[in-house]
Amino acid sequence: MKNDETKSRKLIFDQEGLELLAKRLKEIRSEKGISQEELAYRSEITLSQIARIETVRINPTVSTIFKIARALEVRPSELFNFEL
C-alpha cells in the first residue's frame with residue numbers, strides 16, 4: 001500500500017444502517033419504559049454516548065452494542081431486527 005493511500009483512508013459510516021439501529025434502539029427502550037439515563041446506568045455507558053448513538057452521531061462498537069443488549073435484556077439480534 002502506498003503512503004498516499006494510507007493517508008486517504010475513510011472511516012466506515014453507514015448512515016442508513018445507523019439510522020435504523022438508532023430507531024430500533026429507541027423502540028426497544030420505549031417498549032420497556034427505559035429512559036436514556038436508565039439505559040446509561042444499566043449499561044455503564046455514558047448518557048452522552050447513548051444520546052449520540054440514538055442521534056446517529058457515532059458508530060458504536062460491537063462491544064457497546066453487547067452492553068446495551070444486556071442492559072435491555074434482549075438478544076443483540078433484536079437491536080438489528082430491521083431491513084436495510
Side-chain angles (χ1 to χ4, degrees):
M1 183 181 296
K2 295 179 182 178
N3 194 23
D4 291 339
E5 290 176 17
T6 304
K7 291 180 183 177
S8 66
R9 284 192 218 169
K10 294 182 180 178
L11 294 175
I12 298 171
F13 194 85
D14 184 322
Q15 185 72 27
E16 178 190 10
L18 292 173
E19 286 172 1
L20 291 167
L21 175 64
K23 180 181 176 185
R24 185 68 182 132
L25 174 55
K26 290 179 210 177
E27 286 173 355
I28 293 170
R29 267 197 322 97
S30 177
E31 289 169 4
K32 294 186 170 273
I34 298 172
S35 67
Q36 284 185 342
E37 293 85 355
E38 181 65 20
L39 179 57
Y41 174 77
R42 291 182 184 188
S43 64
E44 298 179 335
I45 296 171
T46 64
L47 173 58
S48 62
Q49 188 171 359
I50 298 294
R52 288 192 308 265
I53 292 167
E54 289 193 359
T55 57
V56 194
R57 293 209 164 114
I58 62 170
N59 189 355
T61 66
V62 173
S63 292
T64 298
I65 295 297
F66 291 159
K67 289 178 88 170
I68 289 170
R70 283 188 193 101
L72 292 170
E73 299 178 341
V74 298
R75 292 178 181 216
S77 60
E78 281 299 309
L79 292 169
F80 293 98
N81 189 13
F82 53 81
E83 297 291 323
L84 287 175

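Along the sequence shown, residues carry numbers from 1. FYI, side chains are in, hydrogens and waters are out, and symmetry mates aren't considered; it's all heavy atoms of this structure. All of these numbers come straight from a predicted model, not from anything done at the bench.
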Once rounded to the nearest 0.5 Å, what's the spacing between atom [atom1] of [X] and atom [atom2] of [Y]?
X     : Y     : atom1 : atom2 : value
Leu72 : Glu31 : CG    : CD    : 10.0 Å
Ile53 : Ser48 : CD1   : OG    : 9.5 Å
Thr46 : Arg52 : OG1   : CZ    : 5.5 Å
Ile28 : Leu79 : CD1   : CG    : 4.5 Å
Arg70 : Ile68 : CZ    : CD1   : 11.5 Å
Glu73 : Arg42 : CD    : CZ    : 6.5 Å

Worksheet entry | Enclosure of Gln15 CD (heavy-atom neighbours >12, cutoff 6.0 Å) |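 Check passes, neighbour count above 12.
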Worksheet item: Within a radius of less than 6.0 Å around CD of Glu19, do more than 12 heavy atoms belonging to other residues, nucleotides or ligands occur?
Response: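 Yes - once you tally the heavy atoms of other residues, nucleotides and ligands closer than 6.0 Å, there are more than 12.
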Do you know which two heavy atoms are closest between [X] and [Y], and how far apart they sit?
X     : Y     : value
Lys32 : Val74 : CE-CG1, 3.6 Å
Leu25 : Leu39 : CD1-CD2, 4.0 Å
Phe82 : Gly17 : CZ-O, 4.0 Å
Phe13 : Val56 : CZ-O, 3.7 Å
Lys67 : Ser43 : CE-O, 3.1 Å
Ile58 : Pro60 : O-CD, 3.4 Å

Discussion item. Enumerate the salt bridge (charged side-chain N to carboxylate O under 4.0 Å, His left out) contacts for residues 20-30, please, sequence neighbours excluded, ordered by first and then second residue.
Written reply: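 Sorted pair list: Arg24-Glu27, Arg24-Glu78, Arg29-Glu54.
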